[in-house]
Number of protein chains: 2
Amino acid sequence: MSRRDAILERAVEVASEEGLEGLTIGRLSSELGLSKSGLFGHFGSKEELQLAAVDAANVIFFDEVIKPTLKEPEGAPRLRAYCESWVGYLERKVFAGGCFFAAAAAEFDGRPGPVRDKLRDGQGLWLSEITKQAKLAGVKDPDQLVFEVSSLVQGANAAYQLFEDEQAFTRARQAIARLLPG
Amino acid sequence: MSRRDAILERAVEVASEEGLEGLTIGRLSSELGLSKSGLFGHFGSKEELQLAAVDAANVIFFDEVIKPTLKEPEGAPRLRAYCESWVGYLERKVFAGGCFFAAAAAEFDGRPGPVRDKLRDGQGLWLSEITKQAKLAGVKDPDQLVFEVSSLVQGANAAYQLFEDEQAFTRARQAIARLLPG
DNA sequence: CCTACCGATCGGTAGG
DNA sequence: CCTACCGATCGGTAGG
């Protein structure tokens, strides 16, 4: 693992807990025991550091959520696996501060620029992949189903983060089961 | 309207767009044309300003969402009115940056302290009021219903804020209609 | 990768 | 409510 990767590992953790704006160069460098300018040199600007952190979080999401489901056949089984894996990713607390993407989207949805664009594109890609599986599964209104599943997953994350409500994951699973075909 | 109220009106707007941490005393005072220490004197600390902004947002939420529904009889009609009013509040764009509470909760859910506590208590009160109406309406699992409705409303807010998807409000209404009794 | 520095801004205070 | 100030920290640069 390169030094850059080590920085990004810590950056993603900090950002999930305190936001992408809380990712200050001074704080991150002192936590990792290198100078500000040493860290800065790996990225060139704070915005580039934020973009790199989003890329690193996207890789983690792929490894933790998507990759383990790829053995399931496309259509209904894959759709079901995506949903279970997505809730499981929250339940396993992959990021210390809850879903990195929910936190980052809430923080940047009102700030136009490349960070917002990267977040939107990444989440858009994931939602369209679920939609594709819903279509293959013969769901009547795939966009509506994906809106509902996505809302329930986000809702479980928010309920757990604010109320420490562990039941939220079970509630999300129960609601999603009612929506899936079969 | 007192000067303090005028400050809070602007503070709530800024916080919905850029977060409660983006509410800097210097920025807010220059936007409102008074000195930093002049503004500071109304609150005493940044945290007190944030707490006052949450209180102000709670008042707006009550006036915009709850008050107009109080003419409906308790139980199923009130429950239905709460849901419609809650989605309508997003659709009407009461706050410039979307739901103040969703943004603030995402920002503070990882930061223990009085701001987080006030957000959690305010949202808890609202959720328990909806749950009460669901019980009166004879819903079998009121907590589950409220989890789902709340997720769908939050999901619509998030989808609109990140993707500018105006359809999200209709999708939330459609899903909620399937959950409500009658 | 480092030290040493820049101007700007932060939250907050003193004193009036 | 104001001016004037405090130490700390911000993102970023110069130079090695």
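Every heavy atom of this structure was used, including side-chain atoms; hydrogens, water molecules and symmetry mates were not. Every chain is numbered from 1, with letters handed out A, B, ... down the list of sequences.
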Student: Heavy atoms within less than 4.0 Å of DNA chain D: which residues of residues 19-32 of chain A have one? Give them sorted by number.
Tutor: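 Under 4.0 Å from DNA chain D: A:T24, A:I25, A:G26.
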Student: Whether the side chain of A:S37 and the base of C:dT3 hold a donor-acceptor pair under 3.5 Å is what I'd like checked.
Tutor: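 A donor-acceptor contact between them is present.
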Student: Compute the centroid of each ring, for A:F101 and then for A:W126, and state whether the two points are separated by less than 6.0 Å.
Tutor: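 Aromatic pair excluded; centres sit 6.0 Å or further apart.
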Student: Taking only the side-chain heavy atoms of B:F40 (C-beta and beyond), determine which of C:dT3, D:dT13, C:dG12 contains the nearest atom.
Tutor: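 Selected nucleotide: C:dG12.
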Student: Round to a whole Å and report the spacing from CG of B:L39 to P of D:dT3.
Tutor: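 After rounding, the gap between these two atoms is 14 Å.
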Student: Would you mind telling me which residue lines up with the more 5' stretch of DNA chain C, A:H42 or A:K36, judged by nearest nucleotide?
Tutor: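 Its nearest nucleotide being more 5', the pick is A:H42.
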Student: Please name the pair of heavy atoms, one in B:E21 and one in B:T24, separated by the smallest distance, quoted to 0.1 Å.
Tutor: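 Looks like O-CG2, 4.1 Å.
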Student: Determine yes or no for a side-chain-to-main-chain donor-acceptor pair under 3.5 angstrom, with A:E107 supplying the side chain and A:L20 the backbone.
Tutor: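 It does hold such a pair.
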Student: Regarding A:Q133 and A:E74, do their side chains bring together a donor and an acceptor under 3.5 Å, going by distance alone?
Tutor: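 Yes.
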Student: Is it the case that C:dG12 (base atoms only) and B:K46 (side chain only) share a donor and an acceptor within less than 3.5 Å, ignoring hydrogens and angles?
Tutor: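 Per atom types, no contact qualifies.
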Student: Would you please enumerate the stems DNA chain C participates in, each stem being three or more consecutive Watson-Crick or G-U wobble pairs with both distances under 3.5 Å?
Tutor: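 Ordered by first number, the stems with DNA chain C (at least 3 consecutive pairs each) read C:1-16 with D:1-16.
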Student: Given atom CD of A:E48 and atom P of D:dG12, what is their separation to the nearest angstrom?
Tutor: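 Going from CD in A:E48 over to P in D:dG12 covers 10 Å.
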Student: Short question: side chain of B:K71, backbone of B:P68 - any donor-acceptor pair under 3.5 Å?
Tutor: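 Side chain of B:K71 to backbone of B:P68: a pair is present.
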Student: Got a donor-acceptor contact below 3.5 angstrom from the B:R92 side chain to the B:E64 backbone?
Tutor: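 Looks like yes, one N/O pair under 3.5 Å.
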Student: Without decimals, in angstroms, what is the distance between B:L34 CG and D:dT3 P?
Tutor: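 My rounded result for the distance is 10 Å.
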Student: Is the closest basic N to carboxylate O distance between A:K93 and A:E164 below 4.0 Å?
Tutor: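 No, no charged N to carboxylate O under 4.0 Å.
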Student: Do A:E129 and A:Y82 get their side chains close enough for a donor-acceptor pair, meaning under 3.5 Å?
Tutor: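 The criterion, which ignores hydrogens and geometry beyond distance, is satisfied for A:Y82 and A:E129.
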